[in-house]
K.L.:
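Have a look at the structure that comes next, please.
If you read the sequence from its start, that first residue is 1, and numbering goes on from there.
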Amino acid sequence: MMRQYKLLLQGFLMNQILFYRSENQLTQEQMAELLHISPRSYFDIEHGKYCCSAITLIFFMLILSKADVLDFLDEFRLRAERKDTDDVA
């Protein structure tokens with residue numbers, strides 16, 4: 001059961017990070033620096049090879065505004081609740 005949420009988070013986070021990078025016109029290297037990870041690790045996250053660590057997620061949230069963090073969490077909650085509803089149906 002937890003695996004489905006990990007996959008949900010992985011895809012959601014990948015899209016959020018890509019959107020942030022695009023909106024702020026940052027390179028992969030600049031994003032890696034902001035997230036305190038290697039450029040290779042960032043590339044792997046961006047391309048869905050694996051989900052980021054908890055600390056990388058925290059660093060991502062720290063570069064967002066408070067309002068954007070709340071939006072991020074609200075959107076993930078909606079997706080998780082939708083997944084719960086889909087699984088029951």
K.L.:
Could you list the residues that satisfy side-chain hydrogen bond (donor to acceptor under 3.5 Å, both in side chains) with S65, not counting sequence neighbours?
P.N.:
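Counting only residues at least two positions away or on another chain, S65 forms a side-chain hydrogen bond (donor to acceptor under 3.5 Å, both in side chains) with D68.
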K.L.:
Determine whether V69 and L73 make a side-chain contact, defined as any pair of heavy atoms from C-beta on separated by less than 4.5 Å.
P.N.:
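Side-chain contact under 4.5 Å: yes.
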K.L.:
Taking the side chain as every heavy atom from C-beta outward, state whether N24 and I63 have any atom pair closer than 4.5 Å.
P.N.:
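Contact flag for N24/I63 side chains = no.
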K.L.:
Indicate the atoms forming the closest heavy-atom contact of M14 with H47, along with that distance.
P.N.:
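Where M14 meets H47 most closely, the heavy atoms are SD-C, 3.9 Å.
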K.L.:
Between Q10 (side chain only) and G48 (backbone N and O only), is there a donor and an acceptor less than 3.5 Å apart?
P.N.:
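Indeed, once roles are kept as given, a pair shorter than 3.5 Å links the two residues.
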K.L.:
More than 12 foreign heavy atoms under 6.0 Å from CD of E33: is that the case here?
P.N.:
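Count not over threshold, so no.
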K.L.:
Any side-chain heavy-atom pair from E81 and R77 closer than 4.5 angstrom?
P.N.:
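A side-chain contact exists here, since the closest heavy-atom pair is under 4.5 Å.
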K.L.:
Report yes if the side chains of L62 and F59 come closer than 4.5 Å at any heavy-atom pair, otherwise no.
P.N.:
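A side-chain contact exists here, since the closest heavy-atom pair is under 4.5 Å.
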K.L.:
Can you check whether L34 reaches L26 side chain to side chain, under 4.5 Å on heavy atoms?
P.N.:
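In short, these two side chains touch, coming nearer than 4.5 Å.
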K.L.:
Taking side chain as C-beta onward, heavy atoms only, is E46 less than 4.5 Å from R21?
P.N.:
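E46 vs R21: side chains touch.
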K.L.:
Heavy atoms, side chains only, cut-off 4.5 Å: are F76 and Q16 in contact?
P.N.:
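No, their side chains stay 4.5 Å or more apart.
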K.L.:
Can you find a pair of side-chain heavy atoms, one from L35 and one from C52, that are under 4.5 Å apart?
P.N.:
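A side-chain contact under 4.5 Å is absent here.
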